[in-house]
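Here's the structure we're looking at; comments come further down.
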Amino acid sequence: LAIAFSISVAVLIFMAMWWWVLPLVLLPFQFILGILVPIGWERYVRKNGKQLRATLGEINAYLTDSLQGLETILLFNQGNNRKEDIAKKGAFLNKIKGEHTSRQGCLLGFVSGVILFANITTIVVAVLGYLGNYLDLQGVIVVTAVSISAFVPLFSVSIVSHFLTESFA
């Protein structure tokens with residue numbers, strides 16, 4: 001986290017050395033990726049992670065009970081009932097995990113989209129700066145390269161935060 005923060009601040013300072021407008025363009029995107037995305041995901045996982053773990057624990061206990069009592073289940077001819085119950089519980093777990101995976105995919109897509117939009121916005125602003133004689137062509141190229149590489153640490157923090165929060169839900 002400290003590395004991502006340090007690199008983000010260094011990028012903003014570096015961009016300000018070229019043109020003072022560029023850090024103002026990048027700052028909202030860095031705020032979204034570095035603060036809002038991890039906080040939003042943590043809240044989602046805190047709420048829904050408990051349900052997922054509870055359901056998984058319940059199914060695990062049910063399956064363990066079914067295996068330990070298999071002889072009794074077969075003796076009283078309850079095999080089909082047990083099989084149907086296991087199938088229902090498994091379908092419910094798959095539904096919860098499917099929703100979670102879908103949300104996870106949306107999060108990763110959102111993060112990638114924000115990075116893409118930030119890079120395009122930076123390029124457009126840099127070209128406008130070039131056209132307005134605030135930047136030379138070398139500045140446009142350097143600023144574009146720095147902007148593209150500036151989001152790697154934030155993306156990494158976002159992903160690590162996501163998986164750590166999910167692990168400790």
Side-chain angles (χ1 to χ4, degrees), residues 1-60 90-169:
L1 187 61
I3 293 172
F5 178 76
S6 301
I7 291 174
S8 296
V9 169
V11 165
L12 292 174
I13 292 170
F14 182 77
M15 294 287 224
M17 290 171 32
W18 285 95
W19 187 28
W20 66 270
V21 173
L22 294 170
L24 299 177
V25 171
L26 281 180
L27 189 59
F29 297 108
Q30 289 183 337
F31 180 76
I32 290 169
L33 293 177
I35 296 175
L36 294 183
V37 167
I39 288 173
W41 184 253
E42 188 269 336
R43 286 182 180 168
Y44 168 77
V45 169
R46 185 185 312 147
K47 183 178 97 180
N48 294 321
K50 289 178 184 176
Q51 179 190 17
L52 181 61
R53 290 199 186 270
T55 303
L56 194 57
E58 180 185 321
I59 290 174
N60 187 24
F92 181 67
L93 179 64
N94 284 339
K95 178 181 173 243
I96 293 173
K97 287 193 66 78
E99 291 170 359
H100 181 75
T101 302
S102 175
R103 180 88 174 225
Q104 183 179 26
C106 289
L107 173 76
L108 295 177
F110 175 76
V111 168
S112 297
V114 168
I115 291 171
L116 176 66
F117 188 62
N119 290 329
I120 290 171
T121 304
T122 303
I123 291 169
V124 167
V125 170
V127 168
L128 291 174
Y130 174 73
L131 295 175
N133 290 326
Y134 297 106
L135 287 172
D136 58 1
L137 189 56
Q138 178 186 4
V140 173
I141 294 168
V142 170
V143 163
T144 301
V146 169
S147 171
I148 289 170
S149 63
F151 290 101
V152 173
L154 287 175
F155 183 73
S156 299
V157 165
S158 220
I159 298 302
V160 168
S161 165
H162 155 73
F163 285 113
L164 282 175
T165 304
E166 201 171 80
S167 297
F168 296 119

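Below, each value reflects all heavy atoms present in this structure, side chains not excepted, and no hydrogens, waters or symmetry copies. All residue numbers refer to positions in the sequence shown, counting from 1.
- Residue V140 comes nearest to T144 through the heavy atom pair O-OG1, 2.7 Å, listed as atom of the first residue, atom of the second, then distance.
- Classification of E99 and K95 as a salt-bridged pair holds, one side-chain N sitting under 4.0 Å from a carboxylate O.
- Nearest heavy atoms, Y130 versus D136: CD1-C, 3.7 Å.
- In this structure, F14 and V146 approach most closely via the heavy-atom pair CE2-CG2, 3.4 Å.
- For Y134, the side chain to side chain contact (heavy atoms under 4.5 Å, CB included) partners two or more places apart in sequence, or in a different chain, are W19.
- Q30 has its side chain within reach of L12: a pair of non-hydrogen atoms, C-beta onward, lies under 4.5 Å apart.
- Here the straight-line distance linking atom CG of L128 with atom CD1 of I123 works out to 12.0 Å at 0.5 Å rounding.
- Closest approach of A126 to L22, counting heavy atoms only: N-CD2, 4.4 Å.
- Of the possible polar contacts, none joining the N60 side chain to the L56 backbone as a donor-acceptor pair under 3.5 Å is found.
- Under the 3.5 Å distance criterion, the side-chain polar atoms of S102 are left unmatched by any main-chain donor or acceptor of G98.
- Between T121 and F29, the shortest heavy-atom distance links the atoms OG1-CZ, 4.0 Å.
- Closest approach of A118 to S147, counting heavy atoms only: O-OG, 4.3 Å.
- The structure places CG of L26 at 4.0 Å from OG1 of T122, a figure rounded to the nearest 0.5 Å.
- Partner of F151 under the side-chain contact (heavy atoms from CB on, under 4.5 Å) criterion, out of V111, L116, L33, V114: L33 alone.
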